[in-house]
Colleague: 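Pasting in a structure now, in structure tokens, and then I'll have a few things to ask.
Predicted, not measured: the structure shown is a model, and the values here were computed from it.
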Number of protein chains: 2
Amino acid sequence: MALKYISNSGNKVITTREISDSKNIPYDLLSKIMQTMKNENILSSNQGSSGGYSLSKRPDEIPLYNLISAIDGEVNIAECLKESPVKDCSMTDNCSIKSPVMLLQKEVEDLFKRKTISDFV
Amino acid sequence: MALKYISNSGNKVITTREISDSKNIPYDLLSKIMQTMKNENILSSNQGSSGGYSLSKRPDEIPLYNLISAIDGEVNIAECLKESPVKDCSMTDNCSIKSPVMLLQKEVEDLFKRKTISDFV
DNA sequence: TTGAATGTGGACTAACATAGTCCTATTTAG
DNA sequence: CTAAATAGGACTATGTTAGTCCACATTCAA
């Protein structure tokens, strides 16, 4: 919603406060999310008074996949598919359904990579 | 993996113990999962000695969607899309990205409905 | 030069979800 | 009868996440 808000403002520099007030999102929470998106290069920021955020790319150049990866971490349909599984499944190496699971993972990934922020604007 | 195991056994009646031993899945845990799948009509069961489980339908008649719904609950890309949201989002009614989110939800659902257990066998 | 407005970032908490365990029935074939 | 199954309730330990709070850094403009 924040990205849509910025996008619909003609990509001016927008403050967290403005979005927070306008969309009724708790300031501190939104603030954290904006920072995360900044760190993942989805947003650019200007500090100081009259500072704020703007999109770092055109909406159609930002895959939903990247946004979710940035905020929620890897998009995975199963723990064992994470790059660094927190707890490794005892049968990762001889899992009997590994290949169909990986195929589905790929299909989900592709779906989220095809969608971009422009689909939400 | 359990469904695949049963499916590959020519759909004989298979015990939880057999799958647990053969696939190194903790018995108590697998047992709970088998019960859940039974209650959701994915499996049929026979009690008593020489009892066990069998598929209630052909593998290609069991959508992955049903399996996941049964075990993990509704397949939702966002809390607000649940039938009974645990905590309702303050802006459910005037969410600015509701319709594209619902579209994506539908696409994910469709993907999981197209896949069936036979894709994992 | 100062102060207000802004982003930055670390630490913390409360609430919730989930895998996994344990124990006690109940059912049924032999 | 009894052994081998399923059935199911209660519980726990662990991890995850939304959300908060506080101190700091940066910049603009009066």
Colleague: Provide, to the nearest angstrom, the distance between the CD atom belonging to A:E74 and the C1' atom belonging to D:dT16.
Modeller: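 After rounding, the reported distance stands at 15 Å.
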Colleague: Tell me, please, which residues at least two apart from A:K57 pass salt bridge (charged side-chain N to carboxylate O under 4.0 Å, His left out).
Modeller: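 A:K57 satisfies salt bridge (charged side-chain N to carboxylate O under 4.0 Å, His left out) with no residue once adjacent residues are dropped.
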Colleague: According to salt bridge (charged side-chain N to carboxylate O under 4.0 Å, His left out), who are the partners of A:E40, at least two apart in sequence or on a separate chain?
Modeller: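 Testing A:E40 for salt bridge (charged side-chain N to carboxylate O under 4.0 Å, His left out), a comparison that skips the adjacent residues, returns none.
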Colleague: With sequence neighbours excluded, tell me which residues meet side chain to side chain contact (heavy atoms under 4.5 Å, CB included) with A:Q105.
Modeller: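 For A:Q105 the side chain to side chain contact (heavy atoms under 4.5 Å, CB included) partners, ignoring immediate neighbours, are A:N76, A:I77, A:L81, A:E109.
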Colleague: Is a donor on one side and an acceptor on the other found under 3.5 Å between the side chain of A:S9 and the backbone of A:K12?
Modeller: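 Not at all, since once roles are kept as given, no pair shorter than 3.5 Å links the two residues.
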Colleague: Distances for protein N/O vs nucleotides 28-30 of chain D N/O pairs under 3.5 angstrom?
Modeller:
residue: D:dC28; atom: O4'; partner: A:S49; partner atom: OG; Å: 3.1
residue: D:dC28; atom: O2; partner: A:S49; partner atom: OG; Å: 3.4

Colleague: Going by salt bridge (charged side-chain N to carboxylate O under 4.0 Å, His left out), name the residues that satisfy it together with A:E107, two or more places apart in sequence or in a different chain.
Modeller: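 A:E107 satisfies salt bridge (charged side-chain N to carboxylate O under 4.0 Å, His left out) with B:K115 only.
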Colleague: Taking 4.0 Å as the cut-off, does a side-chain nitrogen or oxygen of B:Y53 come that near to OP1 or OP2 on D:dA7?
Modeller: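 True: B:Y53 side-chain N/O within range (under 4.0 Å) of D:dA7 OP1/OP2.
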Colleague: OP1 or OP2 of C:dA5 versus the side-chain N and O atoms of A:Y27: is any pair under 4.0 Å?
Modeller: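 Negative; the distance criterion is not met.
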Colleague: In whole angstrom, what separates B:I71's CD1 from C:dT18's P?
Modeller: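 It works out to 13 Å between those atoms.
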Colleague: Give a yes or no on this: more than 12 heavy atoms of other residues, nucleotides or ligands lie within 6.0 Å of atom CE of B:M102.
Modeller: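 12 or below, so no.
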Colleague: Go through residues 29-46 of chain A and report each residue with a non-hydrogen atom lying under 4.0 Å from DNA chain D, sorted by number.
Modeller: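 By residue number: A:L29, A:K32.
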Colleague: Please report the end-to-end axis angle for the helix from C:dT1-D:dA30 to C:dG30-D:dC1, five pairs per end, rounded to 10 degrees.
Modeller: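 Overall, the helix from C:dT1-D:dA30 to C:dG30-D:dC1 bends by 10° from one end axis to the other.
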Colleague: Mind checking what makes side chain to side chain contact (heavy atoms under 4.5 Å, CB included) contact with A:I33, not counting sequence neighbours?
Modeller: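 For A:I33, the residues satisfying side chain to side chain contact (heavy atoms under 4.5 Å, CB included) (neighbours in sequence not counted) are A:L29, A:M37, A:I71.
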Colleague: What pair of heavy atoms forms the shortest contact from A:P26 to A:S20, and how long is it?
Modeller: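 Closest approach of A:P26 to A:S20, heavy atoms only: C-OG, 4.4 Å.
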Colleague: State which residues pass salt bridge (charged side-chain N to carboxylate O under 4.0 Å, His left out) with A:E74; sequence neighbours excluded, sorted by chain then number.
Modeller: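 For A:E74 there are no salt bridge (charged side-chain N to carboxylate O under 4.0 Å, His left out) partners, ignoring immediate neighbours.
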Colleague: What residue among B:N41, B:L43, B:I42 forms side chain to side chain contact (heavy atoms under 4.5 Å, CB included) with B:I62?
Modeller: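 Of the listed residues B:N41, B:L43, B:I42, the side chain to side chain contact (heavy atoms under 4.5 Å, CB included) partner of B:I62 is B:I42.
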Colleague: Separation of B:D28 atom CG from D:dG8 atom P, in whole Å?
Modeller: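 These atoms are roughly 16 Å apart.
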Colleague: Quick one: list whatever passes side chain to side chain contact (heavy atoms under 4.5 Å, CB included) with B:K106, sequence neighbours left out.
Modeller: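 Partners of B:K106 by the side chain to side chain contact (heavy atoms under 4.5 Å, CB included) criterion, ordered by chain and then number, come out as B:D110.
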Colleague: Ignoring hydrogens and angles, tell me if any N or O in the side chain of A:K23 forms a donor-acceptor pair with the backbone of A:M1 under 3.5 Å.
Modeller: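 Checked: no pair found.
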Colleague: Can you list, by residue number, the residues of residues 13-26 of chain B that have a non-hydrogen atom closer than 4.0 angstrom to DNA chain C?
Modeller: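 Nucleic-acid contacts, sorted: B:P26.
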Colleague: Could you work out, with side chain to side chain contact (heavy atoms under 4.5 Å, CB included) as the rule, every residue matching B:D60, not counting sequence neighbours?
Modeller: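 For B:D60, the residues satisfying side chain to side chain contact (heavy atoms under 4.5 Å, CB included) (neighbours in sequence not counted) are B:R58, B:T116, B:S118.
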